[in-house]
Undergrad: 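Structure in structure tokens, see below.
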Amino acid sequence: MTYDEALEYIHSVCWKGSRPGLSRITELTGLLGNPQDSLRFIHVAGTNGKGSVSAMTAGVLSAAGYKTGLFTSPFIVRFNERMQIDGHDISDEELAQITEYVRPYADSMADSPTEFELITAIAFVYFKRNNCDYVVLEVGMGGRLDSTNIIKAPSVAVSVITGIAMDHTAFLGDTPEKIAAEKAGIIKEGVPVVFGGAHIPVGAEEGKCEVDPVSCAAVIRSRAEEMNAPYIEADYRRLSNLKTDIFGADFDFEDIKGLHIPLAGVYQPYNAATVLTVFETLKRSGVKISEDALRRGLAGVKWPGRFEILCREPMIISDGGHNPEGIDAAVASIKAYFGKEKVYLLSGVMADKDYSHMVSRMSEVACRVFTVRPDNPRALSSEEYAKVFAEAGVMSEGFSSVKEAVFAAADACVRDGRALVCLGSLYMYGDVRNAVLAYKAEHEKKD
């Protein structure tokens, strides 16, 4: 099986007849000899921030000398990003080889696995074959019924829930408390759980948080008590001397002075506080993590698509905010970095998101919007999206392709001296990035 054949097979898995639950992934991993049972996991759930927290956690573990796997979703540019070891994506050859190994087992099942279940199983085999010391395992959606939740208590070093927001309500519930209960489904008997969403970051939400962190914390704490699992909250008040700009953040975490993360976004230091709390928890269980490893792991973290600078002249930033809380955080970052100066916005969104709230918030910082339709069947059309911005009083125009929108927006930014922020869906990141590279290449030729 070639790499292209492997991807074609993975993406062609039939979803018909799938039902909620862990029965398919249980059957598939059982046929494969339960590779997950021989691994050690840090299991990360949460509505927003789980990708950044997972990347930081993996970076610190690697800096400490542990062979560390990282499983995330969705991918940003290439599929291989979903499975990494010590910062390196799975190779095309190994992905093809493992997919070919897993395929006959998946094909033998009367109830075929979903695409995500198949990918999860492939990742477990990959991490086991490479003898990883730890695997940072990011939940796909929810927690309780997510295919990553096949892992059992003896294999989990710590469970992490980054925060709760209103997203995927059709699947997870229509209240923050119901969503919190789904996320809390990853808590294992006797395994510590760190909750990073028990407090509102100072200045990050601007009093517009639609989720009560206290009630969500109560749900998660209650589940932890039922499972005899130590419950630990990440306390943002332990952060001090916090300085953030568009190139990253510097801060102290109580006695650990002068920490740096190269990730922009006013919310990232709070994600780092969650990560530091996770490592305090791991150290109490005997995991050796030096202060030097914490420093190097945080300082070296890379996580594309999260308030990432794609171009400096003109300034073009891409952020994966795609639900109300994510948009609120991105808007707070724009205000922090650009003050009262409004930006141009390039945005695409899924039709099943609360995009009316998102438009209301984005309209606070945008004076012109270039709308696109992300490459996803669930996406809202660019024309319909532009109308929503127009109704909010913001000049807007729909474009037939991301490249066309990027070129038009970048030219406008050069002409008008504005910055461009690309926001609304991670699904359009790859197209935006490629379009920005093409724009830069074209203008370098002219120069």
Undergrad: Might you point out which heavy atoms bring Val394 and Cys367 nearest each other, and give the distance in Å?
TA: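 Where Val394 meets Cys367 most closely, the heavy atoms are CG1-C, 3.9 Å.
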
Undergrad: Measuring from Asp328:CG to Met358:CE, what's the distance to the nearest 0.5 Å?
TA: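 If we round to the nearest 0.5 Å, Asp328:CG and Met358:CE are 9.5 Å apart.
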
Undergrad: Donor-acceptor pair, distance only, cut-off 3.5 Å: does the side chain of Ser285 make one with the backbone of Leu282?
TA: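 Checked: pair present.
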
Undergrad: For Phe195, what residues pass the ring-ring contact (aromatic ring centres under 6.0 Å, His included) criterion, not counting sequence neighbours?
TA: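 ring-ring contact (aromatic ring centres under 6.0 Å, His included) list for Phe195, sorted by chain: empty.
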
Undergrad: Do you know the tightest heavy-atom contact between Gly46 and Thr162?
TA: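 Scanning both residues completely, I find the closest heavy atoms to be CA-OG1, 3.3 Å.
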
Undergrad: Indicate yes or no for a side-chain donor-acceptor contact from Arg296 to the backbone of Ala63 under 3.5 Å, with no hydrogens or angles considered.
TA: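 Between the backbone of Ala63 and the side chain of Arg296 there is a qualifying donor-acceptor contact (under 3.5 Å).
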
Undergrad: Main chain of Val77, side chain of Glu81: is a donor-acceptor contact present, judged purely on distance under 3.5 Å?
TA: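 Yes; at least one donor-acceptor contact below 3.5 Å.
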
Undergrad: If you compare all heavy atoms of Pro314 against all heavy atoms of Cys413, which two are closest, and at what distance to 0.1 Å?
TA: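 Smallest interatomic distance, heavy atoms only, reads CB-CB, 3.8 Å.
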
Undergrad: Give me the atom names and distance for the closest heavy-atom approach of Thr99 to Ile122.
TA: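 Looking at all heavy atoms of both residues, the shortest contact is OG1-CD1, 3.6 Å.
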
Undergrad: About how many Å separate OG of Ser381 and NZ of Lys387, when rounded to the nearest 0.5 Å?
TA: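 Rounded to the nearest 0.5 Å, the NZ-OG separation comes out at 7.5 Å.
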
Undergrad: Can you find a side-chain donor-acceptor pair between Glu177 and Ser215 that sits under 3.5 Å?
TA: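 Present: a donor and an acceptor within the cut-off.
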
Undergrad: Looking at CD of Gln84 and CZ of Phe71, how far apart are the two atoms once the value is rounded to the nearest 0.5 Å?
TA: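 So the CD of Gln84 and the CZ of Phe71 are separated by 11.5 Å.
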
Undergrad: According to side chain to side chain donor-acceptor pair (under 3.5 Å), who are the partners of Asn434, at least two apart in sequence or on a separate chain?
TA: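 Testing Asn434 for side chain to side chain donor-acceptor pair (under 3.5 Å), a comparison that skips the adjacent residues, returns none.
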
Undergrad: Not counting sequence neighbours, list each pair that qualifies as a ring pair (Phe, Tyr, Trp, His ring centres under 6.0 Å) and has a residue in residues 402-426.
TA: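 Checked against ring pair (Phe, Tyr, Trp, His ring centres under 6.0 Å) - neighbours excluded - the pairs reaching residues 402-426 are Phe407-Tyr439.
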
Undergrad: Side chain to side chain donor-acceptor pair (under 3.5 Å) with Thr57: which residues, sequence neighbours excluded?
TA: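 For Thr57 there are no side chain to side chain donor-acceptor pair (under 3.5 Å) partners, ignoring immediate neighbours.
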
Undergrad: Return yes if a side-chain donor-acceptor contact under 3.5 Å exists between Glu138 and Thr148, otherwise no.
TA: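 The answer is no; no qualifying pair exists.
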
Undergrad: Could you tell me if the ring centre of Phe79 sits under 6.0 Å from that of His11?
TA: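 Ring centroids of Phe79 and His11 are less than 6.0 Å from each other.
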
Undergrad: Looking only at atom types and distance, does a side-chain atom of Asn149 sit under 3.5 Å from a main-chain N or O of Gly185, one as donor and one as acceptor?
TA: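 Yes; at least one donor-acceptor contact below 3.5 Å.
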
Undergrad: Above 12 or not: heavy atoms from other molecules or residues under 6.0 Å from CD of Glu383?
TA: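 Above 12, so yes.
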
Undergrad: Not counting sequence neighbours, list each pair that qualifies as a salt bridge (charged side-chain N to carboxylate O under 4.0 Å, His left out) and has a residue in residues 399-416.
TA: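 Residue pairs passing salt bridge (charged side-chain N to carboxylate O under 4.0 Å, His left out), neighbours aside: none found.
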
Undergrad: Test salt bridge (Lys or Arg N to Asp or Glu O under 4.0 Å) on Arg361 and Glu364; report intermediate values, then the result.
TA: CA-CA 6 Å; Arg361 293 292 279 128; Glu364 297 175 22; 2.7 Å; yes

Undergrad: Among all residues two or more places apart in sequence or in another chain, which pass the side chain to side chain donor-acceptor pair (under 3.5 Å) test with Arg295?
TA: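 For Arg295 the side chain to side chain donor-acceptor pair (under 3.5 Å) partners, ignoring immediate neighbours, are Glu291.
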
Undergrad: Working to the nearest 0.5 angstrom, can you tell me the gap between Leu423 CG and Ile334 CD1?
TA: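 Reported to 0.5 Å precision, the distance equals 6.0 Å.
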
Undergrad: Out of curiosity, Leu298 CG to Leu263 CG, how far, rounded to the nearest 0.5 Å?
TA: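 Leu298 CG to Leu263 CG: 9.0 Å, rounded to 0.5 Å.
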
Undergrad: Are the side chain of Ser363 and the backbone of Ala392 linked by a donor-acceptor contact shorter than 3.5 Å?
TA: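 No; zero donor-acceptor contacts below 3.5 Å.
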
Undergrad: Can you list the residues that meet the side chain to side chain donor-acceptor pair (under 3.5 Å) rule with Ser290, with sequence neighbours excluded?
TA: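 Expected list: none.
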
Undergrad: Is the side chain of Thr371 donor-acceptor paired with the backbone N or O of Glu397 at a distance under 3.5 Å, no angle test?
TA: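 Indeed, once roles are kept as given, a pair shorter than 3.5 Å links the two residues.
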
Undergrad: Apply side chain to side chain contact (heavy atoms under 4.5 Å, CB included) to the pair Ile309 and Ile246, showing each step before the final yes or no.
TA: CA-CA 8 Å; Ile309 298 174; Ile246 206 163; 4.0 Å; yes

Undergrad: Using the test ring-ring contact (aromatic ring centres under 6.0 Å, His included), find all partners of Tyr337 that sit at least two apart in sequence or belong to another chain.
TA: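 By the ring-ring contact (aromatic ring centres under 6.0 Å, His included) rule, Tyr337 matches Phe307.
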
Undergrad: In terms of side-chain geometry, is the basic nitrogen of Glu94 or Arg129 positioned less than 4.0 Å from the acidic oxygen of its partner?
TA: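 No, Glu94 and Arg129 are not salt-bridged.
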
Undergrad: So does Asp133 pair up with Lys67, basic N to acidic O under 4.0 Å?
TA: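 Salt bridge absent between Asp133 and Lys67.
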
Undergrad: Tell me, please, which residues at least two apart from Tyr385 pass ring-ring contact (aromatic ring centres under 6.0 Å, His included).
TA: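 Listed in chain order: Phe389.
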
Undergrad: Kindly write out the residues that satisfy ring-ring contact (aromatic ring centres under 6.0 Å, His included) with Phe399, not counting sequence neighbours, or none if the list is empty.
TA: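 Once residues adjacent in sequence are excluded, the partners of Phe399 under the ring-ring contact (aromatic ring centres under 6.0 Å, His included) criterion are Phe370.
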
Undergrad: Does anything in residues 246-265 pair up under salt bridge (charged side-chain N to carboxylate O under 4.0 Å, His left out), and if so which pairs, sequence neighbours excluded?
TA: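 Those involving residues 246-265 are Arg238-Glu254.
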
Undergrad: Glu233 and Tyr231: side-chain donor and acceptor closer than 3.5 Å?
TA: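 Indeed, the side chains of Glu233 and Tyr231 share at least one donor-acceptor pair under 3.5 Å.
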
Undergrad: Does Tyr236 reach the main-chain N or O of Gly196 with its side chain, forming a donor-acceptor pair under 3.5 Å?
TA: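 Yes, Tyr236 side chain to Gly196 backbone: donor-acceptor pair under 3.5 Å.
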
Undergrad: Heavy atoms only: give me the nearest Pro269-Ala249 pair and the separation to one decimal.
TA: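 The pair with the smallest heavy-atom distance is CG-CB, 3.7 Å.
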
Undergrad: Going by distance alone, is a donor N or O of one side chain under 3.5 Å from an acceptor N or O of the other, for Ser147 and Thr120?
TA: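 Yes, because at least one side-chain N or O of Ser147 sits under 3.5 Å from a partner of the opposite role on Thr120.
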
Undergrad: Mind jotting down which residue pairs meet the ring pair (Phe, Tyr, Trp, His ring centres under 6.0 Å) criterion with at least one end in residues 128-147? Sequence neighbours excluded, please.
TA: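 Checked against ring pair (Phe, Tyr, Trp, His ring centres under 6.0 Å) - neighbours excluded - the pairs reaching residues 128-147 are Tyr66-Tyr134.
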
Undergrad: To the nearest 0.5 Å, what is the distance between NZ on Lys342 and CZ on Arg418?
TA: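 Reported value, rounded in 0.5 Å steps: 9.0 Å.
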
Undergrad: If I compare all heavy atoms of Ala405 with all of Val372, which pair ends up nearest, and what's the gap?
TA: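 In terms of heavy atoms, the two residues are closest at CB-CG1, 3.4 Å.
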
